[in-house]
2 protein chains.
Amino acid sequence: MIDKLSSKPVYEQIVDGVERNILLGLYPVGEQVPSVRELSVGLGINPNTIQKSYTELIRRGVICSSPGSGCFVTPDARDRIRRRAMERLPQLTALAGELLLAGVRAEELYAAIECAVKNENK
Amino acid sequence: MIDKLSSKPVYEQIVDGVERNILLGLYPVGEQVPSVRELSVGLGINPNTIQKSYTELIRRGVICSSPGSGCFVTPDARDRIRRRAMERLPQLTALAGELLLAGVRAEELYAAIECAVKNENK
DNA sequence: CAGGTGTACTATTTCACATAGTACACCAAA
DNA sequence: TTTGGTGTACTATGTGAAATAGTACACCTG
């Protein structure tokens, strides 16, 4: 689940993974998220790295911490995640622009999007 | 043109910039590309960093070097760049998939692509 | 009280990136 | 032939983010 060889930092992979599990319903709203030490031993990652990920998730308002009890999924976690995703639409436009400039045809771009849409509905 | 504060390494920015200039016709096929030292002083970047970018461009077959004379745009540079772009289509699909999972609607994705297409044709 | 929780430190290691400086072989024009 | 610009190679150094290691403390709950 965690790729230490990836160019994307481990702590970012963990952030993405937690958000993904929230979206998939594996981490229900209001429920407790795995503890720092639990995730640490489960993933074989240093606790400080997990802590860094959780600090980021707290900053994003996706989870909230109750020192002594644990970290819990925020009631509006899904909304927060969705809003952040909306702000990433320009990334999609930029990437599409690069490919267009390189000579990729528009239909091929639309086909790539359609591919993602089809994968989503199954 | 070069953003030293960007998360993208300078040498990658230079690679992208050269390929972009080739696609735009600013660096015509067969013509000489700016020399290492020339780009170095022009961009205020260390020659070794420019050299690293050129080594990558040579590896991609986009330019070829003639020691003593300079580096020149390969006859099939555009094809090479286009093929590499085609291989990046999965990136577009993956990004679209992430946004879909986060709750972004398909129409919004298509709109983002259309935005890129419109910018291209002007 | 005891155990699990989040949190805060400092220190260390690793690695990619970028820079600095030097040197050499090559080609073309004067 | 000489001169100047070209690519290329090499070592050394500095920088910053990322990750690890270890310790410590405050908090909540059973």
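Reminder, nothing fancy here: chain letters follow the sequence lines and each chain counts from 1.
- With a 4.5 Å cut-off on side-chain heavy atoms, A:Leu95 and B:Arg88 count as touching.
- Cluster annotation: B:Val104 and B:Leu100 are assigned to the same hydrophobic cluster (Ile/Leu/Val/Met/Phe/Trp/Tyr, side-chain heavy-atom contacts under 4.5 Å, transitive).
- A heavy atom lying under 4.0 Å from DNA chain D marks the following residues of residues 47-61 of chain B, by number: B:Asn48, B:Gln51, B:Ile58.
- Hydrophobic clustering, with ILVMFWY side chains joined whenever heavy atoms are under 4.5 angstrom apart, keeps A:Val10 apart from A:Val41.
- Taken over five-pair windows at either terminus, the axes of the helix from C:dC1-D:dG30 to C:dA30-D:dT1 are inclined to one another by 20° (rounded to 10 degrees).
- Looking only at side-chain heavy atoms (C-beta outward), B:Asp3 and B:Lys8 stay at 4.5 Å or farther from each other.
- Counting heavy atoms from C-beta on, the side chains of A:Gln91 and B:Leu99 never come closer than 4.5 Å.
- For the pair B:Ser35 and B:Tyr54, the minimum side-chain heavy-atom distance is 4.5 Å or more.
- Side-chain contact between A:Arg82 and A:Leu23 is absent, with no heavy-atom pair separated by less than 4.5 Å.
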Listing time: all N or O pairs from protein to nucleotides 1-5 of chain C that are below 3.5 Å?
residue	atom	partner	partner atom	Å
C:dG4	N2	A:Gly68	O	2.9
C:dT5	OP1	A:Ser35	OG	3.2
C:dT5	O2	A:Gly68	N	3.4

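- If you take CD on A:Glu108 and CG on B:Leu92, they are separated by 11.5 Å, rounding to the nearest 0.5 Å.
- The outermost nucleotides of DNA chain D lying under 4.0 Å from heavy atoms of chain B, listed 5' to 3', are D:dG5 to D:dC10.
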Polar pairs (N or O, both sides) under 3.5 Å between protein and nucleotides 12-14 of chain C?
none

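- Between B:Leu101 and A:Leu24, the shortest heavy-atom contact is CD1-CD2, 3.9 Å.
- A continuous path of ILVMFWY side-chain contacts below 4.5 Å connects B:Met86 to A:Tyr110, so both sit in one hydrophobic cluster.
- The pair B:Glu56-B:Lys52 does not count as a salt bridge, with every side-chain nitrogen at least 4.0 angstrom from each carboxylate oxygen.
- Nearest heavy-atom pair across A:Thr93 and B:Cys115 is CG2-SG, 4.0 Å.
- Taking the side chain as every heavy atom from C-beta outward, B:Arg37 and B:Ile50 never approach each other to under 4.5 Å.
- In this structure, the side chains of A:Val73 and A:Val29 come closer than 4.5 Å at one or more pairs of heavy atoms.
- Every residue meeting the salt bridge (charged side-chain N to carboxylate O under 4.0 Å, His left out) condition with A:Asp76, not counting sequence neighbours, appears here in chain and number order: A:Arg80.
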